[in-house]
Amino acid sequence: MTNPEIAELLRKVAAAYLVLGENRFRIIAYERAADSIEHLTSEVKDYWDDHKLEDIPGVGGGIASNLDELFRFGKSKHWETVFASVPQAIFPLLRVPGLGPKKAFTLVTTLKLNDAKTVIADLEKAAKAGKIAPMEGFGEKSQSVILEAIAIYKRGAIKENRMPLPYADEVAREVILHIQKGGSVERVDVLGSLRRQVSTIGDIDIAVSTRKPEAVLKQFLTFPHQKVIDHGPRGATLLLSNGRQADLRVQTPEAYGAMLQYFTGSKNHNIALRSLALEQGMSLNEYGIKSVKSGKMKQYSSEEGLYKAIGLPYIPPELREDKGEIAAAQKHTLPALVEPRDIRGDLHVHSSYDLHSSHDVGKNSIHELFTKAADLGYEYIGFSDHNPRANQSEGAITDIMKRRQAAYVRQYASWKHKDKKNVHMFVMCEVDILPDGTLALPDTAMEHVDGVIISIHSAFTQPKNQVTERLIKALHAHPKVRILGHPTGRLLGSREGVDADWETVFDVIKKRDIVLEINAFPERLDLPDILVYDAVQSGLRLIIDTDAHASEHMDLMRYGVSVARRGWATKRDIVNALGYTDFKSWLIRE
DNA sequence: GCCGTTTTCGGCCCGACTGTTTTCAGTCG
């Protein structure tokens with residue numbers, strides 16, 4: 001069962017409870033748990049495997065024991081009973097925007113919509129026949145709103161899949177450029193999960209500080225869109241042509257800090273923050289801080305000022321997940337997070353040099369990639385082409401690797417001569433970890449590389465113990481194994497990563513002084529941030545690479561840095577934040 | 001149902017918007 005499925009199940013429980021008139025705090029608890037699970041980057045099942053379900057924020061004894069039952073037997077008896085107490089047809093209706101549990105229940109019971117499979121079409125028919133308007137609590141307007149919502153739903157514009165972070169960033173950039181064209185913008189920021197740099201993003205939320213909110217909003221509304229979903233004095237929401245929503249909020253500079261904080265979230269961070277403020281007699285909202293006693297409101301132009309008022313130092317957005325950052329802030333032990341400018345080199349770059357690999361080669365020449373590395377201000381670059389096809393003789397592969405090494409050395413010399421610049425080179429190789437844990441590069445060929453990245457490119461669905469043994473065997477395969485590339489092998493939105501016992505794997509990695517890669521490629525962002533956090537806490541070091549297959553991919557390094565930051569990593573935890581000499585002495589062992 | 005540098009009981013974040021309403025309920029973020 002995947003996280004989105006579990007989150008949906010918990011929301012179903014909450015919805016059923018609402019219809020049944022349950023205690024509202026119990027309902028809120030379920031919604032919070034669903035929310036929290038939706039934003040996890042590692043699988044709930046992994047928490048279950050480790051007997052750590054209650055480590056998930058919002059999951060306590062009750063929900064945990066039902067989840068346990070769910071993983072053991074495929075369903076929870078208690079929840080099944082809850083579902084059975086309400087008409088099944090209400091659940092599909094919850095996907096229609098504007099319909100919540102109460103309205104869905106009223107519609108289903110009044111109109112006798114009993115078939116969960118056809119309920120949306122049945123509702124549409126009833127609306128068209130004018131049967132909704134006369135119902136108590138509904139009217140002509142809500143009838144037409146429901147029809148419109150169903151139409152949007154049927155067009156498939158309802159966000160189900162989230163976008164990988166770099167794509168959301170691109171969309172946000174376009175919207176921001178468009179807004180800025182209209183002028184009157186004093187400052188603009190992204191909000192929400194985008195600002196917290198979560199690996200996948202739902203909607204694009206943007207904040208603007210301005211003296212002329214109407215002008216900014218008017219300009220925003222001219223951005224190409226399918227539909228205006230919302231439009232008020234403080235903001236507007238558009239449904240973009242790609243099926244995503246873009247949300248704009250405007251505020252005056254004096255109160256901008258409070259708004260920025262409020263809409264950056266996460267929801268759980270804000271809830272914890274508001275509770276903390278309340279203990280000090282302060283009520284926190286999107287406009288500032290209200291004194292509970294006097295009712296007086298104080299505005300904040302910056303987030304720093306707002307956090308200071310609650311007695312906290314500034315908390316970077318990437319940490320705002322209610323995972324201990326508030327306690328750390330109180331104790332002044334927040335980590336000094338790694339920054340993009342700390343990165344001194346990229347060790348996972350594919351050039352167009354063709355060694356007849358079973359995987360794809362890069363687009364750009366060795367010269368072009370050196371130049372790109374120099375432009376980025378790097379001290380070193382590592383070329384990590386895929387290994388040659390493994391179905392050849394050991395001698396043939398070794399020969400290919402020898403010739404390749406010579407070619408890189410030659411190209412490097414001529415580039416240095418021509419460009420009069422210096423970027424140090426490492427001749428690396430990305431080597432497949434075969435299903436049995438052996439490497440796709442023979443020992444004799446290892447002489448012709450400075451080090452290797454080992455990665456899984458096949459058999460992603462092996463059972464947990466098999467994957468774990470496979471990884472451990474591969475990590476022990478050769479002293480030149482220095483990096484575990486895109487460790488889980490996940491592809492955002494299309495492939496689950498491998499299911500390994502990471503604690504055990506991490507132990508081996510630490511003993512052998514190997515590093516885990518944070519792969520910055522948009523669909524990967526792998527290692528996932530929560531595992532980065534675990535790794536950092538266990539004292540492991542990591543490397544951030546782009547896995548570039550073209551020189552422009554090397555610009556994506558900052559997304560890997562984002563993942564590292566969300567995992568609480570500092571500069572000290574990242575080996576490619578080391579200068580050339582130190583890095584070389586780590587990579588190449590005597 | 002969750003949660004705890006005063007608590008294992010007794011609290012639980014805050015507001016906007018909309019439509020149907022004469023003061024509010026439902027939905028959303």
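Reminder, nothing fancy here: chain letters follow the sequence lines and each chain counts from 1.
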Q) Does anything in residues 297-308 of chain A pair up under salt bridge (Lys or Arg N to Asp or Glu O under 4.0 Å), and if so which pairs, sequence neighbours excluded? A) A:Arg195-A:Glu303, A:Glu303-A:Arg320

With rounding to the closest Å, how many angstrom separate the [atom1] atoms on [N] and [M]?
{"N": "B:dG11", "M": "B:dC17", "atom1": "P", "value": "32 Å"}
{"N": "B:dC12", "M": "B:dG19", "atom1": "P", "value": "32 Å"}
{"N": "B:dT22", "M": "B:dG26", "atom1": "P", "value": "14 Å"}
{"N": "B:dT7", "M": "B:dC3", "atom1": "C1'", "value": "10 Å"}
{"N": "B:dT27", "M": "B:dT21", "atom1": "P", "value": "15 Å"}
{"N": "B:dT8", "M": "B:dC2", "atom1": "C1'", "value": "12 Å"}
{"N": "B:dT6", "M": "B:dG10", "atom1": "C1'", "value": "14 Å"}

Expressed in angstrom and rounded to an integer, what is the separation of [X] atom [atom1] from [N] atom [atom2]?
{"X": "A:Tyr17", "N": "B:dC2", "atom1": "OH", "atom2": "P", "value": "10 Å"}
{"X": "A:Glu22", "N": "B:dC2", "atom1": "CD", "atom2": "P", "value": "13 Å"}
{"X": "A:Arg26", "N": "B:dG1", "atom1": "CZ", "atom2": "P", "value": "4 Å"}
{"X": "A:Ile27", "N": "B:dG1", "atom1": "CD1", "atom2": "P", "value": "11 Å"}
{"X": "A:Glu54", "N": "B:dG1", "atom1": "CD", "atom2": "C1'", "value": "12 Å"}
{"X": "A:Glu148", "N": "B:dG19", "atom1": "CD", "atom2": "C1'", "value": "15 Å"}
{"X": "A:Arg11", "N": "B:dG1", "atom1": "CZ", "atom2": "C1'", "value": "16 Å"}
{"X": "A:Gln330", "N": "B:dG4", "atom1": "CD", "atom2": "P", "value": "12 Å"}

Q: Nearest-nucleotide wise, let me know which of A:Ser275 and A:Gln143 is further upstream toward the 5' end of DNA chain B.
A: A:Ser275

**Q.** Upstream residue (5' side of DNA chain B) when A:Glu140 and A:Trp79 are each assigned their closest nucleotide
**A.** A:Trp79

I want to verify a distance call: between [options], whose nearest atom is closest to the [X] side chain?
{"X": "A:Ser142", "options": "B:dG1, B:dT20, B:dC14", "value": "B:dT20"}
{"X": "A:Leu278", "options": "B:dG29, B:dG15, B:dC14", "value": "B:dC14"}
{"X": "A:Tyr287", "options": "B:dG29, B:dT20, B:dG15", "value": "B:dG15"}
{"X": "A:Pro233", "options": "B:dG19, B:dC12, B:dC17", "value": "B:dC17"}
{"X": "A:Arg234", "options": "B:dT5, B:dC17, B:dC2", "value": "B:dC17"}
{"X": "A:Lys267", "options": "B:dG29, B:dG15, B:dC2", "value": "B:dG29"}

Q.
At less than 3.5 Å, do the side-chain atoms of A:Tyr262 and the base atoms of B:dG29 form a donor-acceptor pair?
A. yes

Q.
Let's test this: given Watson-Crick or G-U wobble pairing with both distances under 3.5 Å, identify the partner of B:dT8.
A. none

Q) A:Gly265 near the nucleic acid: base, sugar-phosphate alone, or nothing, with a heavy-atom cut-off under 4.0 Å? A) nothing

Q. A:His231 near the nucleic acid: base, sugar-phosphate alone, or nothing, with a heavy-atom cut-off under 4.0 Å?
A. nothing

Anything under 3.5 Å between a protein N or O and an N or O of nucleotides 24-28 of chain B, put it in a table, one pair a line.
from: B:dT27; atom 1: OP1; to: A:Gly100; atom 2: N; distance (Å): 2.7
from: B:dT27; atom 1: OP1; to: A:Gly100; atom 2: O; distance (Å): 2.9
from: B:dT27; atom 1: OP1; to: A:Lys102; atom 2: N; distance (Å): 3.4
from: B:dT27; atom 1: OP1; to: A:Lys103; atom 2: N; distance (Å): 2.9
from: B:dT27; atom 1: OP2; to: A:Lys102; atom 2: N; distance (Å): 3.4
from: B:dC28; atom 1: OP1; to: A:Gly98; atom 2: N; distance (Å): 2.9

Q. Excluding sequence neighbours, so at least two apart, what forms salt bridge (Lys or Arg N to Asp or Glu O under 4.0 Å) with A:Glu503?
A. none

Q: Taking salt bridge (Lys or Arg N to Asp or Glu O under 4.0 Å) as the test, write out the residues that go with A:Glu8, two or more places apart.
A: A:Arg95

Q. Should the ring pair A:His78 and A:Tyr17 be called parallel, tilted or perpendicular, given that the plane angle runs from 0 to 90° and is split at 30 and 60?
A. tilted

Output a table of nitrogen or oxygen pairs between the protein and nucleotides 6-11 of chain B separated by less than 3.5 Å.
none

Q) Side chain of A:Asp203, backbone of A:Asp205: donor and acceptor closer than 3.5 Å? A) no

Q) Is a side-chain donor or acceptor of A:Arg249 paired with a backbone partner of A:Met259 at a separation under 3.5 angstrom? A) no

Q: Looking only at non-hydrogen atoms, find the nearest pair between A:Pro522 and A:Leu492 and report the distance.
A: O-CD1, 3.6 Å

Q.
Taking the cut-offs as 6.0 angstrom to the six-membered ring centre and 45 degrees off its axis, would you call A:Lys52 and A:Tyr47 a cation-pi pair?
A. no

Q | Contacts of type side-chain hydrogen bond (donor to acceptor under 3.5 Å, both in side chains), residue A:Thr570, not counting sequence neighbours | A | A:Asp573

Q. Can you find a side-chain donor-acceptor pair between A:Gln88 and A:Asp115 that sits under 3.5 Å?
A. no

Q. Can we say A:Glu69 and A:Lys77 salt-bridge, meaning some charged N sits less than 4.0 Å from an Asp/Glu carboxylate O?
A. no

